[in-house]
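What follows is a short report on a single structure.
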Amino acid sequence: AQSVTQPDIHITVSEGASLELRCNYSYGATPYLFWYVQSPGQGLQLLLKYFSGDTLVQGIKGFEAEFKRSQSSFNLRKPSVHWSDAAEYFCAVGPRGGYNKLIFGAGTRLAVHP
Amino acid sequence: EAQVTQNPRYLITVTGKKLTVTCSQNMNHEYMSWYRQDPGLGLRQIYYSMNVEVTDKGDVPEGYKVSRKEKRNFPLILESPSPNQTSLYFCASSLFGAGANVLTFGAGSRLTVL
């Protein structure tokens, strides 16, 4: 069955520290890959996506993610976290050839200490 | 402004009292979908619609109904709400399907069923 795993439920980092949020997927073929962010009281906003090509993708707000086929992973990174990055982050996959839904991970809640 | 609008944003109701959560998009998108978000479970798809008059079940459709009479609107109907439907609900849309297309999300509707 298709699934997305975000192993870290909560992560706390200090402002200015680097960040890596993990995402692993289980699927027969490389799916489309997404990271969304949900700020408190708001809907989900797309941070970045991977469809094909360069495995290191750049997104908004200084985020980047790297697709590693051998590890079925799509980890999100940011070199220096800002207090405004505190939010919940969701990894999602969209099956190639399937158009009915995205499959979301359980989310990682990020707290940022001053 | 391109957006997905959900109403109401917050609702407290009682078991068995029918309610409708409206969803409207102004981007001429073909695809619309409803998700529910629960702690530790991420977002799970309730129903989706690939086009007007075409709807289908997602992963957790029990207790919900939808209709798609116009391209822009996709209401979620709870005929007889129960406490296990207490959740945060999101409507989303995209140009054609979910997979290779980015979803645009509404701000969410927090529903409490007593």
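Chain letters run A, B, ... following the sequence lines, proteins first, then strands; residues in each count from 1. All of these numbers come straight from a predicted model, not from anything done at the bench.
B:L114 belongs to a hydrophobic cluster whose other members, connected by ILVMFWY side-chain contacts under 4.5 Å either directly or through intermediates, are B:I12. Under a 4.5 Å side-chain heavy-atom criterion applied to ILVMFWY residues, the cluster that includes B:V4 comprises B:M27 as well.
Within residues 61-72 of chain A, no residue has any heavy atom less than 4.5 Å from a heavy atom of chain B. Proximity to chain A among residues 32-47 of chain B is limited to B:Y35, B:Q37, B:G40, B:L41, B:G42, B:L43, B:Q45, judged by heavy-atom separations below 4.5 angstrom.
Heavy-atom distances place the side chain of B:R9, and not its backbone, under 4.5 Å from chain A. Contact annotation for A:L102: both backbone and side-chain heavy atoms come within less than 4.5 Å of a heavy atom of chain B. Proximity to chain A (any heavy atom under 4.5 Å) is restricted, for B:L88, to the side chain, taken from C-beta onward. For A:Q45, no part sits under 4.5 Å from any heavy atom of chain B, backbone or side chain.
The two atoms that bring B:V102 and A:Y36 nearest to each other are CG1-OH, 3.9 Å, heavy atoms only. Of all the heavy atoms in A:Q38 and B:F90, the pair that sits closest is NE2-CZ, 3.1 Å.
Here the side chains of B:N101 and A:Y32 are not in contact, with every heavy-atom distance at 4.5 Å or above.
Annotation: A:K49, atom NZ; neighbour count of heavy atoms from other residues, nucleotides and ligands within 6.0 Å does not exceed 12.
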